[in-house]
Engineer: 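Sending over a structure as structure tokens; questions will come in a sec.
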Protein chains: 2
Amino acid sequence: MPPLPPSGSPRPATQADVAREVGVSRTLVSFAFRNAPGVSEVTRQAIFEAARRLGYRPNSVAADLARKRASAIGLYLLDLHNEVYADIFTGVREALAGSGSRVILAAGRAGSEPDEEVGPLVEARAGVVIAATLTSPDAHVLELAGMVPIVSVARRIEGVDSVYSDDAAGARAAVEHLLGLGHTRIVHLAGPGVDGNLERLIAYESAMHDAGLSPRVVVAPSHSFESGEATAAGFLAASDGPTAVFAHNDQLALGVREAALALGLTIPGDLSVVGYDDSRGARLRGIDLTSVDLHAHQLGAAAGAAALARLRFPSEPAVDECSAPRLVVRASTAPPHD
Amino acid sequence: MPPLPPSGSPRPATQADVAREVGVSRTLVSFAFRNAPGVSEVTRQAIFEAARRLGYRPNSVAADLARKRASAIGLYLLDLHNEVYADIFTGVREALAGSGSRVILAAGRAGSEPDEEVGPLVEARAGVVIAATLTSPDAHVLELAGMVPIVSVARRIEGVDSVYSDDAAGARAAVEHLLGLGHTRIVHLAGPGVDGNLERLIAYESAMHDAGLSPRVVVAPSHSFESGEATAAGFLAASDGPTAVFAHNDQLALGVREAALALGLTIPGDLSVVGYDDSRGARLRGIDLTSVDLHAHQLGAAAGAAALARLRFPSEPAVDECSAPRLVVRASTAPPHD
DNA sequence: GTGAAAGCGCTAACAT
DNA sequence: ATGTTAGCGCTTTCAC
């Protein structure tokens, strides 16, 4: 027997319906729902009661339209599969708690153009968009910023509110850790070559040069675990393979780890691996991945605060908040054994 | 030196601005942007050109309001920190690709009321809300469903479109696997006691009863890793502790694993652990967690399809799609050694 | 304390 | 092919 039809969705109730039910004007209903002064207690109660009966829910979209200012804050997250973005999300939410602003989310999609999914946020007229992480060129971001204020998370963009971590310092710390252990054949597994993704790469190259070594960079097609695994399967098998890999993020690093173990290599015996993000996976016993913590949660909270400020003071100078990351050494790194 | 002020956000351009610029009526601009027939090619080009120059972006919110039907599909994800929801998200997106419908996301928050965060989706007037996973009582969900069609993911709700996995079968398979290995002291680490979260618990109890054993249920305060770790630290230390734990999800299971290892127990030597979701973490070498795969990606895709159908046929009977989960046996389970 | 009227940016008949 | 007009659900002066 097929289940019952869903409770049907007739036209949702409007303020007009409530007003008619109570026998007052629409204005009063509007006032009542915004706790505006000038509604007698008895009328207010009657209105709420009728609203409950009718299942009335305010239409925030129509309200914003009429009010001519957006109450929504857009939050763009590049990759839901990467836990870092969940941390950023939590931080943002925390900063926004009690501010009375709705958050509307958008997330990156596999095959889309860089930052394409930010579009819906501006078309939905978010008052400000917190973006973690933008991947299109600065010029394009600035163009976007002309339509809606942008708060860039984890990437510095001149002229746009930016809340980020010092990637150069983090990457340099990671490479120097490896260098200090005695490694010389260190591969950097970079993320796709998009704008705002280069700091770690550059810091790696510079640290290698400073040590008198030649950089060996391999670019992964995406930031995912799978992509790290597949890419590493290639360069690990080569003769004269690396004794250490510094990956752009933990996902890639875990992929490298998987590929290495599949080839019969041991970690850190045959291969040292360093990631970036210090995510949950890195911290599990048995994984113990050395990684760089960029304090994603705090980054999110700072971004949330910046967004609120931008909403209130549209023409203040852009904030530029850089925080220091921290290298967390675990058991995935050791001196090379040859 | 402080950075430059952000490019400022004057009033965003509207169709009226574009129309004025080109010297045509607003209607034509509206038509042009919706690729409606009846606009000469030259006018259309002029319109697009002017729009580009002015930085015009359509206001999807105003469009929906005028059109009197929502083009947005709401997607509620209970916990961004749980990778399963990212899989569901990906599946939904896939199913919706090319349907021309925007997706607006909302995610659960730590301290909020059950399903509270679905509210913004209905207030933003989503045409249908895909909810993964609802935690409030059926009655409350049905009330919600009176305001907007709901597609419930991973939980069956009578009278509401439901796309879910057979939790009873999955849980029973997990417990019987443990039973088959010879375990008798099996603890079930359950999620918080909310509606729609009981199937696994009940199946566990029934499987234990069928085996002539008495169930030992411990309820975790949340679904998180931390909560699993803290809770397990308690019951593992007890004398007469379990030889196996079946957790409500992988996060909890990984927390149990961590607590066990911290106590010096070995897995699966001293303790067998089974999770649920078959997430990335479970599959890592060195973790090798036995788990139940509920095919989150497919669940998401099916939910997306159901949402589209519901949008087109508002009064069709509710769909009720149940799929079979699969137990994936890995190295975290073995016969008890005493 | 309450209501009438205008308008937010857009779509959708209905003209022309 | 192009323009006019009337709303969508709401907020917001400004009267009463």
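Chain letters run A, B, ... following the sequence lines, proteins first and then strands; every chain starts at 1. Quick caveat: nothing in here was measured; it's all calculated off a predicted structure.
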Engineer: Taking for each residue the nucleotide of DNA chain D with the nearest heavy atom, is it Val24(B) or Arg67(B) whose nucleotide lies nearer the 5' end?
Structural biologist: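 Between the two, 5'-proximity favours Val24(B).
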
Engineer: Do the side chains of Arg156(B) and Asp161(B) get close enough for a salt bridge, i.e. N-O under 4.0 angstrom?
Structural biologist: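 Salt bridge flag = no for Asp161(B) with Arg156(B).
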
Engineer: Are any non-hydrogen side-chain atoms of Thr14(B) and Arg26(B) less than 4.5 angstrom apart?
Structural biologist: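 The answer is no; the side chains never approach within 4.5 Å.
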
Engineer: Bend angle of the helix from dG1(C)-dC16(D) to dT16(C)-dA1(D) from five-pair axes at both ends, rounded to 10°?
Structural biologist: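 One end axis against the other gives 40°.
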
Engineer: Need two values: the first and the last nucleotide of DNA chain C, 5' to 3', having an atom under 4.0 Å from any heavy-atom of chain A.
Structural biologist: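 Nucleotide range in contact with chain A: dG1(C) to dG9(C).
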
Engineer: Are any of the side-chain heavy atoms of Val92(B) and Val153(B) separated by less than 4.5 Å?
Structural biologist: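 Result no, sub-4.5 Å side-chain heavy-atom pair not found.
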
Engineer: Answer yes or no: is there an ion pair linking Arg53(A) with Glu21(A), defined by an N-O contact shorter than 4.0 Å?
Structural biologist: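 Salt bridge flag = yes for Glu21(A) with Arg53(A).
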
Engineer: Under 4.0 Å from any heavy atom of chain A: name the first and the last nucleotide of DNA chain D that qualifies, 5' to 3'.
Structural biologist: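 Answer, 5' to 3': dG9(D) to dT12(D).
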
Engineer: Report yes or no: is the cationic atom of Arg34(B) (NZ for Lys, CZ for Arg) under 6.0 Å from the centre of the six-membered ring of Phe31(B), at an angle within 45° of the ring normal?
Structural biologist: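 Yes.
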
Engineer: For residues 104-111 of chain B, tabulate all N or O donor-acceptor pairs below 3.5 Å that involve a side-chain atom, not counting sequence neighbours.
Structural biologist:
| from | atom 1 | to | atom 2 | distance (Å) |
| --- | --- | --- | --- | --- |
| Arg109(B) | NE | Glu117(B) | OE2 | 3.0 |
| Arg109(B) | NH2 | Glu117(B) | OE2 | 2.9 |

Engineer: Would you mind classifying the nucleic acid contact of Val61(B) as base, sugar-phosphate or nothing, using non-hydrogen atoms under 4.0 angstrom?
Structural biologist: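 No contact.
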
Engineer: Is it true that a side-chain atom of Ser162(A) and a backbone atom of Ile157(A) form a donor plus acceptor pair closer than 3.5 Å?
Structural biologist: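 Yes.
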
Engineer: Is there a donor-acceptor pair under 3.5 Å between the side chain of Asp64(B) and the backbone N or O of Ser71(B)?
Structural biologist: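 Yes: the side chain of Asp64(B) pairs with the backbone of Ser71(B).
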
Engineer: Just by distance, do the side chain of Glu116(A) and the backbone of Glu113(A) share a donor-acceptor pair under 3.5 Å?
Structural biologist: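 It does hold such a pair.
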
Engineer: Between Thr43(A) and Ser40(A), is any side-chain donor less than 3.5 angstrom from a side-chain acceptor?
Structural biologist: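 Their side chains do contain a donor-acceptor pair, which is all the 3.5 Å distance test asks for.
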
Engineer: Give a yes-or-no answer on whether the side chains of Thr133(B) and Tyr85(B) include a donor-acceptor pair shorter than 3.5 Å.
Structural biologist: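 Yes, Tyr85(B) and Thr133(B) have a side-chain donor paired with an acceptor closer than 3.5 Å.
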
Engineer: Quick one: which residue pairs count as a ring pair (Phe, Tyr, Trp, His ring centres under 6.0 Å) with a foot in residues 50-75 of chain B, not counting sequence neighbours?
Structural biologist: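 Non-adjacent pairs meeting ring pair (Phe, Tyr, Trp, His ring centres under 6.0 Å): Phe33(B)-Tyr56(B).
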
Engineer: Can a side-chain donor-acceptor contact be found between Glu41(A) and Gln45(A) if the only test is distance below 3.5 angstrom?
Structural biologist: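 Result is yes, a qualifying pair exists.
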
Engineer: Can you sort out which residues in residues 25-41 of chain B have a heavy atom within less than 4.0 Å of DNA chain D? Ascending by number, please.
Structural biologist: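 Heavy-atom cutoff 4.0 Å gives Ser25(B), Thr27(B), Leu28(B), Gly38(B), Ser40(B).
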
